[in-house]
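Chain letters run A, B, ... following the sequence lines, proteins first and then strands; every chain starts at 1.
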Amino acid sequence: MQVSIYNTMSRSVEPFVPLSSDTVGMYCCGPTVYNYAHIGNLRTYIFEDLLHRILTYSGYDLTHVMNITDVGHLSDDGDEGEDKMERRSRESGMSVYDIARMYTQSFFNDTGSLNIITPDITCKATDHIQEMIDLIMRLEERGHTYISGGNVYFSIDTFPQYGRLARLKLDQLSSGARIEVDENKRNPKDFVLWFTKGKFENQAMKWDSPWGVGYPGWHLECSAMSMKYLGDSFDIHCGGIDHVSVHHTNEIAQSEAATGKEWVKYWVHGEFLIDETGKMSKSKGDFLTLSLLIDKGFDPLDFRYFCLTGHYRSQLIFSWASLQAARGGRINLKKQIQAIRKASDDIRKPVASNEAQAILDEFETHIATDLHIPQALAVLWKLVKDKEIDPAEKLSLIENMDSIFALDLLQEERQEDDPVPEEILALVQKRTEAKKNRDFTQADSLRDEIREKGYAVKDTKDGVEITRTV
RNA sequence: GGUGCCGUACCCAAGUGGUAAGGGACAGGUCUGCAAAACCUCUAUGCAUCGGUUCGAAUCCGAUCGGCACCUCCA
């Protein structure tokens, strides 16, 4: 199975050819743990999970690395603002380390319930300060840095290819159009590698360094940690589309300036999930979390299914109605699959028929071609509805496909554990009596009464079925 | 101001030169005392608008209108 993927560097879909024949290294920008992840963040991790699964499915020995940013994020004003972790700490009264621990835990709860495979290596920025300092020293030796106003800066004028990924036209950028330019910078696009400015006297996170006590610049951690775990050059670097112009641009500059080698072969970026008002942003205040979806009665996999219906390089518009539609689709899909299990006595047979093989080929072509998941999902529906293929063969195909979709397609849907209250049972009993006496007016009014109390009654061959509606 | 992306049915959405995937919703049918469930069937001569290229355009080119993103921290 030949995988192809869109490379932001070339702005085209390229055949995936690993640097080394037997292993693939993939680094994904992880969460900043000063707050809950919103569902826009989670869309990106779902996309990366799909890529992870497709590479594994294709037989590659994958090493997937993700960072946890628990330090050094500035809230605004370029390199001037307050650290987000610090602010959160001040607001909540918790220590910065407790904040990080709490939101890291919450992040993995979310990704776990979305069936996102935890990366092989997850690494915290605060555990890799020494690696970052070492990287700055390498840059210093090669003449890419300067010290000004107490901070160590990277000088982009020493790196002629600066901005290649984002195709920046440096002379036409209006730096400072929206923010104040840091007067310590020689070039407005220079960025901080190490802060020592005693701006925040009570800064909780600070470390000793050859340039004084301080803390690292934001971009540094990804360069230092990815190279530690994956080497000076590796295959894939993922992240959100917003990282192209600043974060990844700066990462490339400092990494390649330090090693003199090409750092990453394939740059893969996921588009945003937006709502009617546009981009989701934590800084807007209120934002949508997975817990909120769950509180509203959705299954986390409803959201995963929703993400699967759009291509990762297109913006996806979130609304409650769309999520409801995804929920309906996912539940119907599972119902159909349950029927297939029944029809085959839950026995699986390997793909043998031409029809089944054709479906499998179609599926693999779609997933291998720049993550065409929506088409792959359509193939699954085609399989489920097919009238020719042996149900036992279908089951093994579904199981195979679910290794990518990860929608728990072969598991029973969770049942409500709450017992039906006595009051409802009594009403249902009364209705059954009324029906027996062919008093349908009475039976129907009882059904209405039960519905008003939040339960639906269904008459089936095997008796009455009661389900909760609220 | 600079740069890029997008506009497909009631909603979400795939499709990037060969005659519009898929899901949800809606409607009709079978079944049922009636419902529900299940099953079956149906829903864009049309892809923002206008013009152009082509045997052929949702797909390529140009213009216009509308939306979004990036150039600040951000998935």
Side-chain angles (χ1 to χ4, degrees), chain A residues 11 28-32 34 37-48 69 72-84 163 166-181 188-189 218 238-247 249 269-274 276-284 305-306 308-311 313-319 321-333 335-336 339 366 372-382 385 435 438-441 443-444 447-448 451 456-461 464-465 467:
Chain A
R11 306 285 160 100
C28 298
C29 284
T32 308
Y34 67 96
H38 60 58
I39 59 174
N41 300 127
L42 295 172
R43 182 195 183 192
T44 298
Y45 299 107
I46 289 172
F47 135 67
E48 290 161 352
T69 300
H73 248 175
L74 303 168
S75 57
D76 49 44
D77 297 328
D79 298 322
E80 294 296 315
E82 184 179 8
D83 187 300
K84 286 176 179 173
R167 309 207 166 171
L168 300 180
K169 293 173 186 162
L170 291 178
D171 48 345
Q172 284 175 29
L173 282 175
S174 59
S175 284
R178 295 164 71 191
I179 57 158
E180 293 279 316
V181 175
K189 299 298 287 181
W218 169 44
C238 298
I241 188 81
D242 56 316
H243 280 149
V244 174
S245 59
V246 177
H247 183 48
T249 289
H269 294 98
E271 251 294 355
F272 276 145
L273 178 71
I274 60 174
E276 294 87 340
T277 65
K279 177 183 169 179
M280 290 186 192
S281 172
K282 291 181 187 175
S283 52
K284 278 185 184 171
Y305 185 97
F306 172 69
L308 263 38
T309 64
H311 189 242
R313 283 195 285 120
S314 296
Q315 287 180 352
L316 184 60
I317 304 169
F318 177 84
S319 69
S322 305
L323 186 64
Q324 187 65 49
R327 175 179 170 76
R330 187 185 66 82
I331 288 172
N332 287 340
L333 186 58
K335 279 183 188 163
Q336 304 232 19
H366 287 314
H372 281 182
I373 301 297
Q375 290 97 315
L377 195 57
V379 173
L380 172 61
W381 275 99
K382 188 163 100 179
K385 291 176 169 177
K435 272 185 67 183
R438 302 196 67 80
D439 182 356
F440 297 120
T441 319
D444 287 351
R447 183 167 58 202
D448 290 342
R451 185 181 299 126
V457 260
K458 290 190 267 185
D459 299 324
T460 69
K461 272 201 299 255
V464 188
E465 205 177 294
T467 48

Distances under 3.5 Å between nitrogen or oxygen atoms of protein and nucleotides 27-32 of chain B:
none

Item to check | A/Trp381 CH2 to B/G22 P, straight-line distance once rounded to whole Å | outcome: 11 Å
Checklist entry - Which part of the nucleic acid, if any, lies within reach of A/Lys435 when heavy atoms closer than 4.0 Å are counted: base, sugar-phosphate only, or nothing? => result base
Next on the checklist: Measuring from atom CD1 of A/Ile373 to atom CZ of A/Phe47, what distance do you get when rounded to the nearest 0.5 angstrom?
Outcome noted: 11.0 Å
Next on the checklist: Given B/A75, B/G23, B/G33, identify the nucleotide with an atom nearest to the side chain of A/Thr44.
Outcome noted: B/A75
Checklist entry - How far apart are the closest heavy atoms of A/His269 and A/Ile241, and which atoms are they? => result CB-CA, 4.0 Å
Checklist entry - How many Å lie between CG on A/Leu168 and C1' on B/U72, as a whole number? => result 14 Å
Item to check | Nucleotide nearest A/Lys385 (side chain, heavy atoms from C-beta), chosen from B/G33, B/A75, B/G23 | outcome: B/G23
Checklist entry - Mind checking the C1' distance from B/G4 to B/C11? Whole angstroms is fine. => result 28 Å
Checklist entry - Does any nucleotide pair with B/A20 by Watson-Crick or G-U wobble geometry, both distances under 3.5 Å, and what is it? => result none
Checklist outcome for this item: In Watson-Crick or G-U wobble terms, with both distances under 3.5 Å, the base opposite B/A69 is B/U3
Checklist entry - Given the P atoms of B/U8 and B/C12, what is the spacing between them in whole Å? => result 8 Å
Checklist entry - With a 3.5 Å cut-off and just heavy-atom distances, do the side chain of A/Asn332 and the base of B/G23 make a donor-acceptor pair? => result no
Checklist entry - For A/Val379, which contact category applies under a 4.0 Å heavy-atom criterion: base, sugar-phosphate, or nothing? => result nothing
Item to check | For A/Ser322, all residues meeting side-chain hydrogen bond (donor to acceptor under 3.5 Å, both in side chains), sequence neighbours excluded | outcome: A/Ser319
Checklist entry - What does A/Gly40 touch in the nucleic acid at a heavy-atom separation under 4.0 angstrom: a base, only the sugar-phosphate, or nothing? => result base
Item to check | Base-pairing mate for B/U59 - Watson-Crick or G-U, with both contacts under 3.5 Å | outcome: none
Item to check | Whole-angstrom distance between B/G51 and B/G23, as gauged at atom P | outcome: 36 Å
Checklist entry - Which of these nucleotides, B/A21, B/C73, B/A75, is closest to any side-chain atom of A/Tyr45? => result B/A75
Item to check | Between C1' of B/A21 and CG of A/Leu308, the distance in whole Å | outcome: 15 Å
Checklist entry - Which one, B/A75, B/A21, B/G24, comes nearest to the side chain of A/Asp242? => result B/A75
Checklist entry - Under 4.0 angstrom, heavy atoms only, what part of the nucleic acid is A/His247 near: base, sugar-phosphate, or nothing? => result nothing
Checklist entry - Mapping A/Phe440 and A/Gly328 onto RNA chain B by nearest heavy atom, which one lands closer to the 5' end? => result A/Gly328
Item to check | Atom-to-atom span, CD1 of A/Ile373 to C1' of B/G23 - whole angstrom | outcome: 16 Å
Checklist outcome for this item: Re B/U54: Watson-Crick or G-U wobble partner, both distances kept under 3.5 Å, found to be none
Checklist entry - If we take the C1' atom in both B/A20 and B/A58, what is their distance in whole Å? => result 8 Å
Checklist entry - Which value, in whole Å, describes the distance between the C1' atoms of nucleotides B/C65 and B/U49? => result 7 Å
Checklist outcome for this item: In Watson-Crick or G-U wobble terms, with both distances under 3.5 Å, the base opposite B/A27 is B/U41
Checklist entry - Would you find a donor on one side and an acceptor on the other, under 3.5 Å apart, between the side chain of A/Asn332 and the backbone of A/Gly329? => result no
Item to check | Partner set under side-chain hydrogen bond (donor to acceptor under 3.5 Å, both in side chains) for A/Arg447, not counting sequence neighbours | outcome: A/Asp444
Checklist entry - Rounded to the nearest Å, what distance is computed from the CD1 atom of residue A/Ile241 to the P atom of nucleotide B/A69? => result 13 Å
Checklist entry - Between B/C39, B/C70, B/A14, which one does the side chain of A/Gln336 approach most closely? => result B/C39
Item to check | Residues which pass side-chain hydrogen bond (donor to acceptor under 3.5 Å, both in side chains) with A/Lys382, listed by chain and number, not counting sequence neighbours | outcome: A/Glu362
Item to check | Length of the CG-P vector between A/Asp448 and B/C34, whole Å | outcome: 17 Å
Checklist outcome for this item: Between A/Thr441 and A/Leu377, the residue closer to the 5' end of RNA chain B by nearest nucleotide is A/Leu377
Next on the checklist: Please report the distance separating the P of B/A21 from the corresponding atom of B/G62, rounded so that it comes out in whole Å.
Outcome noted: 29 Å
Next on the checklist: Rounding to an integer number of Å, can you tell me how far A/Arg327 CZ sits from B/A25 C1'?
Outcome noted: 16 Å
Checklist entry - Expressed in angstrom and rounded to an integer, what is the separation of A/Leu380 atom CG from B/G22 atom C1'? => result 10 Å
Next on the checklist: Between A/Thr249 and A/Val244 (side chain of the first, backbone of the second, donor and acceptor by atom type, cut-off under 3.5 Å), is there such a pair?
Outcome noted: yes
Item to check | Spacing of the P atoms in B/C10 and B/C26 (rounded, Å) | outcome: 16 Å
Next on the checklist: Using atom P in both nucleotides, what's the gap between B/G28 and B/A37 to the nearest angstrom?
Outcome noted: 14 Å
Checklist outcome for this item: By side-chain hydrogen bond (donor to acceptor under 3.5 Å, both in side chains), A/Gln375 pairs with (sequence neighbours left out) A/His372
Checklist outcome for this item: With sugar-phosphate taken as primed atoms, P, OP1 and OP2 and all else as base, the protein-contact string of nucleotides 4-13 of chain B at under 4.0 Å (heavy atoms; B, S, -) is --------SS
Checklist entry - Taking any strand in view, what nucleotide pairs with B/A48 in a Watson-Crick or G-U wobble way, both distances under 3.5 Å? => result B/U64
Checklist outcome for this item: Interatomic distance, CD@A/Glu271 vs CZ@A/Arg43, rounded to 0.5 Å, equals 7.0 Å
Item to check | Closest to side chain of A/Asn41, choosing from B/C71, B/A21, B/A75 | outcome: B/A75
